[in-house]
Protein chains: 2
Amino acid sequence: MDARQLEEKLRAAGYRLTPARRAVIQALGEAGRELAPREVLAAARARCPGLGRATVYRTLRLLAQLGLALPLPAPGGIRYRLLAGDLHRLVCRGCGAQLPLDLCPARGLTARLAERSGYLIAGHVLEFYGLCPDCQRRLSCVE
Amino acid sequence: MDARQLEEKLRAAGYRLTPARRAVIQALGEAGRELAPREVLAAARARCPGLGRATVYRTLRLLAQLGLALPLPAPGGIRYRLLAGDLHRLVCRGCGAQLPLDLCPARGLTARLAERSGYLIAGHVLEFYGLCPDCQRRLSCVE
DNA sequence: GGCTAACTGAGACGATGTATCATCAAGCGT
DNA sequence: ACGCTTGATGATACATCGTCTCAGTTAGCC
Ligand SMILES: [Zn+2]
Ligand SMILES: [Zn+2]
Ligand SMILES: [Zn+2]
Ligand SMILES: [Zn+2]
């Protein structure tokens, strides 16, 4: 799902499509990685010069509520990324390093889950977490 | 994995077992749900009266780095829970409501993943996210 | 029991996120 | 095309969060 489609979804959900929101969406879309809110602010100001902090936080919360963006915990605070399908990754809890994974054992469960729970399911995240080789040494986690 | 075992893991990893750390671990263990750092502080002070904010943050970060606690994004900020095996749940992005799930399509991938990546894998999280029935109405997400 | 390095709490600090409010403009009906 | 209505914006102020520093304490190891 690219930025253009997300804008349509916003409209479809009854929200206005403003320059500020487009700037935030495009900043997230062009980054290709998770951004902290302040990074979103900096990047989005290139397209919407007077953009304020509050609007960035409001927009990120809105996108997350609609399932269009995904908040992820990271060292240093929550970061956001646009929802581009589902997310599968391996994350180091020590330093935050991550490897994207190319597997999905969860597809196929979504429809049944939605039916049984009444939820409108936007996607899923499968995250393996542990320590990368470097952090295994640094934290002396002998396991 | 219960609180006692976590304390042993801390020791095994070369860290001291102090009253402050035990209070944090037990507070998380008794809660049975994710806690915000401020809730951890309040709960842990019952066991360790003079406990300071900084120590709570330090301990939570340490536990997370060692893979013994899990930070999760929630409306209102990051929350923590003790790692009790893997986590599978369905979360509403609107209000934070969650349903635990009783399925695991990911077990069995861990060993192969660890071997190929060099990571020491502590566990995984499979999280389906979307909107609960209430929030579907409230946010007028017509989808 | 004494040593030593790790840990702690206090306090100060900068960063983060929210609430308020006057102003503005997106989308719509005409 | 034009003006209305209402949601959205940016500025400001504020509360909270999370980190840093440092002097004092203590857990774990002889
Ligand atoms: Zn690492
Ligand atoms: Zn998947
Ligand atoms: Zn909900
Ligand atoms: Zn699983």
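Chain letters run A, B, ... following the sequence lines, proteins first, then strands; residues in each count from 1.
- When all heavy atoms of B:Gly94 and A:Gln65 are compared, the closest pair comes out as O-NE2, 3.8 Å.
- B:Arg38 is linked by a side chain to side chain donor-acceptor pair (under 3.5 Å) to nothing, counting only residues two or more places apart in sequence or in another chain.
- Of the candidates B:Arg45, B:Arg81, B:Arg79, B:Glu39 forms a salt bridge (charged side-chain N to carboxylate O under 4.0 Å, His left out) with just one, namely B:Arg79.
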Would you tabulate the side-chain donor-acceptor contacts of residues 27-37 of chain A under 3.5 Å, counting partners in other chains and residues two or more places apart, or write 'none'?
from: A:Glu30; atom 1: OE2; to: A:Arg47; atom 2: NH2; distance (Å): 2.6
from: A:Glu34; atom 1: OE1; to: A:Arg89; atom 2: NH1; distance (Å): 3.2
from: A:Glu34; atom 1: OE1; to: A:Gln98; atom 2: NE2; distance (Å): 2.9

N/O donor to acceptor pairs below 3.5 angstrom from side-chain atoms of residues 55-63 of chain B, sequence neighbours left out:
from: B:Thr55; atom 1: OG1; to: B:Arg58; atom 2: NH2; distance (Å): 3.3
from: B:Thr59; atom 1: OG1; to: B:Thr55; atom 2: O; distance (Å): 2.8

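- For DNA chain D, the residues of residues 36-53 of chain A within the heavy-atom distance limit of 4.0 Å (strictly under) are A:Gly50, A:Leu51, A:Gly52, A:Arg53, sorted by number.
- Other cluster members for A:Val91: none, since no ILVMFWY side-chain heavy atom sits under 4.5 Å from it.
- If one axis is set at each end of the helix from C:dG1-D:dC30 to C:dT30-D:dA1 from five pairs, those axes are 50° apart, to 10°.
- Counting to the nearest Å, the C1' atom of D:dC17 and the CZ atom of B:Arg79 are 14 Å from each other.
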**Request:** For side chain to side chain contact (heavy atoms under 4.5 Å, CB included), just list the numbers for A:Glu127 and B:Glu127, CA-CA rounded to whole Å, side-chain angles, deciding distance to a tenth of an Å, and then say yes or no.
**Result:** CA-CA 8 Å; A:Glu127 193 173 275; B:Glu127 191 172 277; over 6 Å; no
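- Side chains of A:Leu66 and A:Lys9 form no contact here, defined as non-hydrogen atoms less than 4.5 Å apart.
- In this structure, B:Leu10 places its CG atom 10 Å from P of D:dG28, rounding to the nearest Å.
- Across all non-hydrogen atoms, the minimal contact from B:Pro71 to B:Ala64 is CD-CB, 4.3 Å.
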**Verdict with supporting geometry, B:Leu83 and A:Tyr129, side chain to side chain contact (heavy atoms under 4.5 Å, CB included)** = CA-CA 11 Å; B:Leu83 174 57; A:Tyr129 51 89; 2.9 Å; yes
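- Annotation: of the two residues near DNA chain C, A:Arg11 and A:Gly76, the 5′-most nearest-nucleotide partner is A:Gly76.
- At a non-hydrogen distance threshold of 4.0 Å, A:Arg16, A:Thr18, A:Ala20, A:Arg21 from residues 16-33 of chain A come into contact with DNA chain D.
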Counting only pairs under 3.5 Å, give me each side-chain donor-acceptor contact of residues 102-125 of chain B, with atom names and distances, residues two or more places apart or in other chains.
from: B:Ser117; atom 1: OG; to: B:Leu113; atom 2: O; distance (Å): 2.8
from: B:Ser117; atom 1: OG; to: B:Tyr119; atom 2: N; distance (Å): 3.2
from: B:His124; atom 1: NE2; to: B:His88; atom 2: NE2; distance (Å): 3.3

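- Residues satisfying the side-chain contact (heavy atoms from CB on, under 4.5 Å) test with B:Arg4, not counting sequence neighbours, are B:Asp2, B:Glu7, B:Arg22.
- Between the CG atom of B:Leu60 and the C1' atom of D:dG18 there is a distance of 11 Å, rounded to whole Å.
- Atom CZ in B:Arg61 sits about 11 Å away from atom P in D:dG18, given to the nearest Å.
- Nearest approach of B:Leu82 to B:Ile25, heavy atoms of both residues: CD1-O, 3.8 Å.
- For DNA chain C, the contact window with chain B, defined by any atom under 4.0 Å from a protein heavy atom, covers C:dA5 to C:dA12 in 5' to 3' order.
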